[in-house]
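So that the names make sense, note that chain A is the first sequence line, chain B the second, and so on, each numbered from 1. Since the structure is predicted, the reported quantities are computational estimates derived from the model, not experimental observations.
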Amino acid sequence: MFFLTEFKQAIATTLSQKTQIEFQALDISLNTSDKFQTFDLTWTAFALLKHKITLETLNETVKEALGDSIDSVEAIKGFLNIKLSAKGMSRALDDLETISLTEKSISFSQNRKILLEYCGPNTNKPLHIGHLRNIFLARSLSHCLRFSGNEVHEVTIFNDRGIAICKSMVAYHLFGNGQTPESLDIKPDKYVGDLYVKISQTLKEQTQVLIQQGVSPKEAEDQTPIMKLAREFLLKWEDGDKVIKALWEQMNHWFYSGFDKTLETLEIDFERKYYESQIYLQGKDIAQEGLNKGVFDQNEDGSISIDLTEEGLDIKTILRKDGTSLYITQDMALAQNRFEDFAMDTLIYVVGEEQEYHFKVLKHILLKLDYPFAPNIYHLSYGLVVGSDGSKFKSREGTAVDADDIIDSVVEQAYLQAKSTEKNASLSENELRTIANQVALASIKFMMLKVYAKKKIVFDPKETVDIHGDTGGFILYSLVRAKSILAKNELAVITDFAVSELYELSEVRALVLHMTSFEEILFKTISEHNPSEMALYSLNLAKLFNKFYQVYPIRDNSSEIGRNFGLYLVSRYVLMMEKCLYCLDIKPAERM
RNA sequence: GACUUGGUAGCUCAGCUGGAUAGAGCAACUGCCUUCUAAGCAGUAGGUCACAGGUUCGAAUCCUGUCCAGGUCACCA
């Protein structure tokens with residue numbers, strides 16, 4: 001919003017001259033006015049009244065500083081309400097010309113090399129609704145960062161080893177009966193997940209039996225036959241036992257083939273995939289490096305730890321006394337590997353809020369080890385997706401909302417809507433399906449993105465995701481209508497639009513002014529790692545366009561310039577919204 | 001216990017670097033398609049901004065305390 005900055009500067013300069021007090025553009029609280037339809041900008045100047053500057057002085061200052069950019073000023077209490085003239089509005093329009101360029105040419109263009117980790121699936125269960133929030137947040141942030149001129153590398157880590165997958169393996173060992181996802185005709189990752197649910201139930205039952213037999217609840221689970229077997233599997237796996245490794249690979253293969261399918265639906269891919277099974281033994285080198293640098297402490301029992309009490313954290317163990325690594329050690333090694341692979345200067349983790357402490361610790365450790373990217377480690381943490389009663393979804397108990405299921409149900413809803421729309425009567429089944437997919441994905445993405453990341457999302461699995469109202473579908477629809485106008489009307493040569501009749505409608509003024517703040521919102525989004533900022537901006541943009549659409553005739557406009565101006569605005573809207581959708585990682589639909 | 005995040009309409013959420021009458025969507029009700037896509041637009045109704053103090057010209061917004069809910073504080077991942 002460059003014109004606003006210019007206006008602030010002009011006001012500050014004029015005011016300084018008038019009052020002999022020095023003012024900066026930052027001191028001028030000038031913003032778009034959303035309270036009154038009759039004004040465009042409001043300068044909230046209560047603070048200045050204290051300097052014994054009168055309202056009249058402020059009034060004159062505005063008139064002098066902004067000159068023919070304003071139509072009128074009204075001073076009420078400490079508010080200076082400003083109505084822009086045609087000249088002022090067209091100055092705002094000029095901003096659109098600068099913004100509506102391609103990525104990397106925006107005013108604050110950055111040039112960072114960013115590594116973005118997200119998703120982080122466990123290979124013992126299919127993706128659930130929580131992963132969707134993770135993925136969509138990450139993708140949106142990724143696109144906002146790219147749009148801002150950064151180089152972004154998207155990677156993930158598969159948690160493909162450990163006791164959890166061993167439990168699924170035990171389940172297959174016990175209940176599998178040689179069946180396969182193919183023979184059962186279910187999605188392979190779901191088969192693995194089902195086994196996990198089944199084994200968890202059995203484990204619970206066995207635990208209960210032991211508790212009734214007098215075993216303390218703390219130890220009961222550990223002593224169940226299933227846990228004993230799972231631990232045995234884990235040991236054998238670590239020893240490289242061929243049979244167990246083969247079973248492990250079979251289970252993981254099932255997971256990956258289903259997982260890849262879901263990724264395809266979501267239209268995402270990772271530039272590089274890391275596997276816990278390949279790095280879980282690393283970390284000893286890092287531990288030694290830390291010891292050498294005097295950052296880590298060797299304890300009497302042989303374990304290695306770091307004292308972070310000065311940073312307000314605790315003493316954290318880095319390496320067990322038996323020399324094996326921990327979660328934190330693995331993440332240290334992973335960061336090191338990634339630095340070797342990408343030489344990034346910024347590292348962003350998109351991981352749930354329950355791991356805030358972990359990433360805080362990780363950042364401090366890497367800072368102490370002097371990794372160059374360490375100061376630029378960020379954790380985009382987000383709240384859980386919970387049931388309507390506030391309860392947690394648990395994969396273990398099979399209550400998790402499956403990602404594929406939720407997508408399918410919204411696609412179905414969108415399909416019915418598309419099919420019942422008269423305009424779509426001529427469309428083929430395939431085309432209707434494409435539309436349904438686009439609308440469904442857009443709506444699910446938007447549902448996840450519009451809510452502030454730190455807030456938990458309440459989702460009732462019994463209700464489907466809405467595609468009407470404040471949704472992704474709504475946004476796509478407004479864009480489809482705008483494009484339809486452009487297709488049916490020829491865009492004339494852009495002329496001078498500093499003509500006052502063109503700005504009589506408040507809907508026109510509001511749309512223009514909102515569009516000028518795109519860059520500001522983009523900058524805020526990436527600075528705060530908060531895609532909801534961009535999502536809400538886009539939603540409001542669509543709303544303003546719809547209002548404009550409703551009241552501003554284009555084809556039947558009585559004046560030539562009015563028609564051209566309308567078309568020009570629509571074309572700006574299309575460009576702007578396409579940028580917004582790119583930043584949200586939502587694909588526009590061609591028809592709806 | 002300590003730290004941390006939230007509490008705004010029946011439901012789901014905006015608004016929070018203090019400003020004018022607290023905004024959307026869903027659900028309910030009423031209008032608007034021979035007119036560029038009605039997946040839309042316009043309207044009605046719905047509020048003690050958790051509670052109590054404080055700061056000031058002014059508080060949903062800032063401060064303090066209380067209550068409620070989530071999360072974390074492992075030689076688990």
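- For the C1' atoms, the distance from B:G23 to B:A38 is 24 Å, rounded to whole Å.
- Closest to the side chain of A:Phe474, out of B:U72, B:C36, B:C41, is B:C41.
- Comparing B:A77, B:G19, B:C36 by their nearest atom to the side chain of A:Gln355 picks out B:A77.
- Residues A:Lys77 and A:Asp470 both approach RNA chain B. Their nearest nucleotides, taken by heavy-atom distance, put A:Lys77 toward the 5′ side.
- Between the A:Asn424 side chain and the A:Ala418 main chain, a donor and an acceptor come within less than 3.5 Å of each other.
- Listed candidates were B:C75, B:G40, B:C36. Nearest to the side chain of A:Ile554 is B:C36.
- Between the side chain of A:Thr42 and the base of B:A20, a donor-acceptor pair under 3.5 Å is found.
- Residues satisfying the side chain to side chain donor-acceptor pair (under 3.5 Å) test with A:Glu578, not counting sequence neighbours, are A:Lys483.
- Put simply, CG on A:Asn31 is 10 Å from P on B:G19, counting in whole angstrom units.
- Both A:Met592 and A:Ser388 sit near RNA chain B, but only A:Ser388 has its closest nucleotide nearer the 5' end.
- Comparing the P positions of B:G43 and B:C3 gives a spacing of 48 Å, expressed to the nearest Å.
- What separates CZ of A:Phe446 from P of B:U12 is a distance of 18 Å, to the nearest Å.
- Between B:G31 and B:A69, the distance separating the two P atoms is 45 Å to the nearest Å.
- Candidate nucleotides B:G40, B:C36, B:A77 were compared by shortest atom distance to the side chain of A:Gln330, and B:A77 ranks first.
- By the rule that a glycosidic angle within 90° of 0 means syn, B:C33 counts as syn.
- Taking every side-chain heavy atom of A:Glu353 into account, B:G70 is the closest of B:A14, B:G40, B:G70.
- Residue A:Asn546 has its side chain nearest to B:C41 when only B:C36, B:C41, B:C75 are considered.
- Remark: the separation of the P atoms in B:A20 and B:C26 is 26 Å, to the nearest Å.
- The distance between the ring centers of A:Tyr327 and A:His358 falls below 6.0 angstrom.
- Looking at A:Ser303, its side chain comes within 3.5 Å of the base of B:C75 through a donor and an acceptor atom.
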(request) Starting at the 5' end of nucleotides 29-35 of chain B, put B wherever the base has a protein heavy atom under 4.0 Å, S where only the sugar-phosphate does, and a dash everywhere else. (result) ------S
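- When both distances must be under 3.5 Å, the Watson-Crick or G-U wobble mate of B:A42 is B:U30.
- The ring of A:Phe79 does not lie on top of the base of B:G19; it is either too far (5.5 Å or more) or too tilted (30° or more).
- Distance noted for atom C1' between B:G6 and B:C49: 14 Å (whole Å).
- Which of B:U5, B:C13, B:U37 sits closest to the side chain of A:Lys455 comes down to B:C13.
- Spacing between B:U21 and B:U66 at atom C1', rounded to whole Å, works out to 32 Å.
- Atom C1' of B:G54 sits at a distance of 11 Å from the matching atom of B:A59, rounded to the whole Å.
- When both pairing distances are held under 3.5 Å, B:A2 makes a Watson-Crick or G-U pair with B:U72.
- Counting non-hydrogen atoms under 4.0 angstrom, A:Ile157 reaches nothing in the nucleic acid.
- Counting any heavy atom pair closer than 4.0 Å across all strands shown, A:Lys488 reaches sugar-phosphate atoms only and no base atom.
- Per the stacking criterion (ring centres < 5.5 Å, plane angle < 30°), A:Phe46 does not stack onto the base of B:G58.
- The local environment of CD in A:Gln24 is sparse, with at most 12 non-hydrogen atoms from other residues, nucleotides or ligands closer than 6.0 Å.
- Formation of a donor-acceptor pair under 3.5 Å by the A:Asp307 side chain with backbone atoms of A:Ile315 is not found in this model.
- The side chain of A:Asn489 has B:C36 as its nearest neighbour among B:C36, B:A77, B:U37.
- Aromatic pair A:Trp237/A:Tyr280: ring centres closer than 6.0 Å.
- The cationic atom of A:Arg133 (NZ for Lys, CZ for Arg) does not lie both less than 6.0 Å from the six-membered ring centre of A:Tyr382 and within 45° of the ring axis.
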(request) Show your working on salt bridge (charged side-chain N to carboxylate O under 4.0 Å, His left out) between A:Glu412 and A:Arg433 and close with a plain yes or no. (result) CA-CA 9 Å; A:Glu412 199 47 36; A:Arg433 282 285 161 197; 3.7 Å; yes
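- Taking the C1' atoms as reference points, B:G40 lies 49 Å from B:A77, given to the whole Å.
- Among B:C75, B:U5, B:C41, the nucleotide with an atom closest to any side-chain atom of A:Arg320 is B:C75.
- Base pairing of B:C62 is made with B:G54, judged by Watson-Crick or G-U wobble geometry with both donor-acceptor distances under 3.5 Å.
- Nucleic acid contact for A:Glu276: sugar-phosphate only, since backbone atoms but no base atoms lie under 4.0 Å from a heavy atom of the residue.
- A donor and an acceptor atom, one from each side chain of A:Ser517 and A:Glu520, are nowhere located under 3.5 Å apart.
- When the P atom of B:C36 is taken as reference, atom OH of A:Tyr477 falls 11 Å away, rounded to whole Å.
- Within 4.0 Å (heavy atoms only), A:Tyr452 reaches sugar-phosphate atoms of the nucleic acid but no base atom.
- A donor and an acceptor atom sit less than 3.5 Å apart, one in the side chain of A:Asn81 and one in the base of B:A20.
- Geometrically, A:Lys316 does not engage A:Phe296 in a cation-pi contact, judged by NZ or CZ lying under 6.0 Å from the ring centre and within 45° of the ring axis.
- Residue A:Thr317 has its side chain nearest to B:C75 when only B:C36, B:C75, B:U72 are considered.
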